[in-house]
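Below, all heavy atoms of this structure are taken into account, side chains as well, without hydrogens, waters or symmetry copies. Convention: sequence-line order gives letters A, B, ...; per-chain numbering from 1. Remember, predicted model here, so these are calculated numbers, not experimental data.
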Amino acid sequence: MYDRPTLEELLAAVGIFLEKQIGPLVKDDPKLYYQTLIAYNLLKIAERELVWSDKHIQTQWERLNNLLEIDLPLPTNSVEAREALERRNEQLCERIRTGEHDEQWPRTVLFAHLLATTREQLEVANPKFLQVISQERATRELSTGMLGGG
Amino acid sequence: MTPETIKSRLSTYLTEVSGAPATLTSVQPLAGGASRDMWLIEATLNSKAEKLVLRRDLPTTMLEQALTREQEFKLMQAADESGVKVAKPRYLCVDTKVLDAPFFLMNFVEGISIGRKVVQLPELETAREKLPEQMAEQLAKIHQIDTIKHKLGFLPVPRLAHNPVQEAIQQGRDALKKLTIDHPAFEFALRWAEQHAPKSERTTLVHGDFRIGNLIVNEQGLQAVADWEFGHMGDPHEELGYCCMRDWRFGMGKRRVGGVGDREPFLSAYERYSGTRVDRKTVDYWEFLGNLRWAIICMSQANRHLSGREPNVELASLGRRSAEMQFEMLKLIEQMGI
């Protein structure tokens, strides 16, 4: 449909430009250098979002089907899908506000959904953060002897 | 504002207020926050060489709850007179004709105030061992500052019929409403916060942004507590939980106190210095609430960019950083009991 570079390749080109050309140029200006790093990082977020967003919209939708107790098909048009997801999140907020998830079981299901959604956000925004947390947990379990049966 | 403009206008001002000839020998920009303008000033005042820091307002402010330069100056004076380690505040000028915005000058304190460096630099290893104890000592002193004696009536207080916990929750709700964001994780966390709110027994002055990146540290340890613009009346537990938040640990996640120490020795030291008892569960709660608030503030900051008011890549990026604090807030809820 469009000529190359593809969207992924466009982002990669800008990334290389920031890293190889702008970075060394602004190295001595702490503020500009920091903002260049941020800009580079935002490109990486956009790249990961391209990879993950379809899957994340799908899994979030399925969890909301379960949570809101209505099985609806995810709109096939991606703009409509995002809008529908936003409306369902408003609906979920309303349910939380009115106490529909206060009882233990609905609260547990809700919590699992929120944690999964936040993990998905981090897979795009900062996968390193998730890695660090899971490494930390692994060393803590080792040191408290959980693996040794203590 | 260029260093040359600052140089000429400030030497005139200093000559006037000190009643003796003042010359500025050097003016250099300092890395400050996103909302403050900071400069290192070398001057000769009354034939004496001095190093000062200029802290000036920028046209936009970070948060609405922030103090003005005048209020921050008075708070720092009170802290200084109460024996808190703080850069001595020297001159306050609210006349915007001098430097186009209110500003104050304080003594320059030698040391490092970049959190990541404080947590990671090898030469600060010994300082890091002392830091949790020194932080506890400073916090105990800050919470004991007599706000009536020092006429700090301007400090923000919880609104009527709200204790500090309720006030913090309400501020979060207000901010989300303003942003018109419907966000299930925030909705759940705010409700959980209300349903599990601890009693608030003591309201004192709190620094409001006491974290590793706001301390000036050298090889000997803590030299000064900086950035007083978020000072307010609150619950001391609020501050003990706040400085334990993961985002201020700079990769040293296991060391809960600012990436430099374990929490228990820090809290026991605080109890020793303050002569008060600390409720560990309440500190947990405030660490959670700190993450919830910081997660929402990230969204507000991103909105400064998104609204078109202040196009800025750094502000924009905070919108996607919010998820880190959301994750942490959910994990803390899980630890305390969903």
Side-chain angles (χ1 to χ4, degrees), chain A residues 29-32 34-46 48-49 60 64 67 86-99 101-102 104 107-126 128-130 132-133 135-137 139-140 143, chain B residues 29-34 37-38 114 116 173 176-177 180-192 194-195 246-247 249-256 291 295 298 302 305 311-335 337-338:
Chain A
D29 184 328
K31 197 161 186 172
L32 265 185
Y34 183 58
Q35 297 202 329
T36 308
L37 283 183
I38 289 174
Y40 179 78
N41 196 32
L42 290 187
L43 278 177
K44 296 287 139 189
I45 294 177
R48 287 190 293 267
E49 182 162 323
Q60 215 184 110
L64 284 164
L67 205 56
E86 214 168 291
R87 280 195 300 277
R88 290 193 107 181
N89 275 326
E90 285 166 20
Q91 208 183 328
L92 181 57
C93 284
E94 183 58 27
R95 283 173 64 120
I96 297 169
R97 268 194 293 271
T98 52
H101 288 271
D102 281 359
Q104 184 165 1
R107 195 167 68 233
T108 312
V109 181
L110 169 67
F111 186 81
H113 164 72
L114 297 175
L115 201 55
T117 307
T118 310
R119 270 185 193 282
E120 288 167 352
Q121 286 228 50
L122 287 167
E123 273 168 33
V124 170
N126 190 354
K128 214 174 144 198
F129 180 89
L130 286 176
V132 167
I133 300 249
Q135 275 164 12
E136 216 175 89
R137 186 170 321 133
T139 50
R140 192 167 53 230
S143 67
Chain B
L30 285 172
D37 199 27
M38 305 257 283
I114 297 164
R116 181 169 299 282
R173 285 210 181 278
L176 283 179
K177 201 171 167 194
T180 60
I181 290 177
D182 272 302
H183 193 298
F186 287 144
E187 201 65 52
F188 171 77
L190 286 164
R191 191 168 177 86
W192 190 93
E194 281 160 355
Q195 292 172 343
R246 177 177 294 276
D247 206 33
R249 295 181 208 154
F250 300 100
M252 296 302 289
K254 281 176 288 180
R255 296 184 174 170
R256 202 163 170 185
N291 276 285
C298 282
H305 164 84
N312 176 305
V313 73
E314 189 176 349
L315 290 174
S317 73
L318 286 173
R320 293 293 182 110
R321 280 206 63 216
S322 177
E324 295 167 24
M325 274 53 80
Q326 292 172 35
F327 187 81
E328 193 65 6
M329 108 201 154
L330 291 174
K331 281 298 186 188
L332 286 163
I333 288 179
E334 198 173 37
Q335 277 167 35
I338 303 162

Exercise for review: Kindly check if the number of other-residue, nucleotide or ligand heavy atoms within 6.0 Å of CD (B:Gln195) is above 12?
Suggested key: yes

Check your understanding: Does some side-chain heavy atom of A:Phe129 sit less than 4.5 Å from a side-chain heavy atom of B:Arg246?
Key -> yes

Revision key, fill the gap. Rounding to 0.5 Å, atoms CZ (B:Arg320) and CG (A:Leu122) come to a distance of 11.0 Å

**Study point:** Backbone N/O of B:Ile338 and side chain of A:Arg107: donor-acceptor pair under 3.5 Å
**Key:** yes

Review point. Between A:Glu49 and chain B, which part of the residue has a heavy atom less than 4.5 Å away: side chain, backbone, both or neither?
Key: side chain

**Study point:** Neighbour count >12 (heavy atoms, 6.0 Å) for atom CD, A:Glu86
**Key:** no

**Study point:** Among A:Leu92, A:Leu110, A:Asp102, residue most engaged with chain B (heavy-atom pairs, under 4.5 Å)
**Key:** A:Asp102

Check your understanding: Does some side-chain heavy atom of B:Lys331 sit less than 4.5 Å from a side-chain heavy atom of A:Ile133?
Key -> no

Review point. Among B:Arg321, B:Glu328, B:Glu334, which residue forms the greatest number of heavy-atom pairs with chain A at distances under 4.5 Å?
Key: B:Glu334

Point to revise | Residue selection (most heavy-atom pairs with chain B, distance under 4.5 Å) from A:Thr108, A:Val124, A:Asn126 | key: A:Asn126

Check your understanding: For B:Arg191, is it the side chain, the backbone, both or neither that has a heavy atom under 4.5 Å from a heavy atom of chain A?
Key -> side chain

Practice item. Please report the closest heavy-atom contact between A:Ile96 and B:Pro184, naming both atoms and the distance. Key: CD1-O, 3.7 Å

Exercise for review: Answer with side chain, backbone, both or neither: which region of A:Leu37 has an atom nearer than 4.5 Å to a non-hydrogen atom of chain B?
Suggested key: neither

Point to revise | Pair B:Asp182-A:Arg97, side-chain contact (heavy atoms from CB on, under 4.5 Å): steps then yes or no | key: CA-CA 11 Å; B:Asp182 272 302; A:Arg97 268 194 293 271; 3.8 Å; yes

Point to revise | Under-4.0 Å salt bridge between A:Glu136 and B:Lys254 | key: no

Practice item. Select one option (side chain, backbone, both, neither) describing which atoms of A:Ile45 are under 4.5 Å from chain B's heavy atoms. Key: side chain

Check your understanding: Counting heavy-atom pairs under 4.5 Å to chain B, which of A:Leu130, A:Asn41, A:Leu42 comes out on top?
Key -> A:Leu42

Exercise for review: Identify which part of A:Arg87 has an atom lying under 4.5 Å from any heavy atom of chain B, answering side chain, backbone, both or neither.
Suggested key: neither

Review point. How long is the span from the CG atom in A:Leu114 to the CZ atom in B:Phe327, to the nearest 0.5 Å?
Key: 12.5 Å

**Study point:** Nearest-0.5 Å distance that lies between atom CD in A:Gln35 and atom CG in B:Leu315
**Key:** 8.5 Å

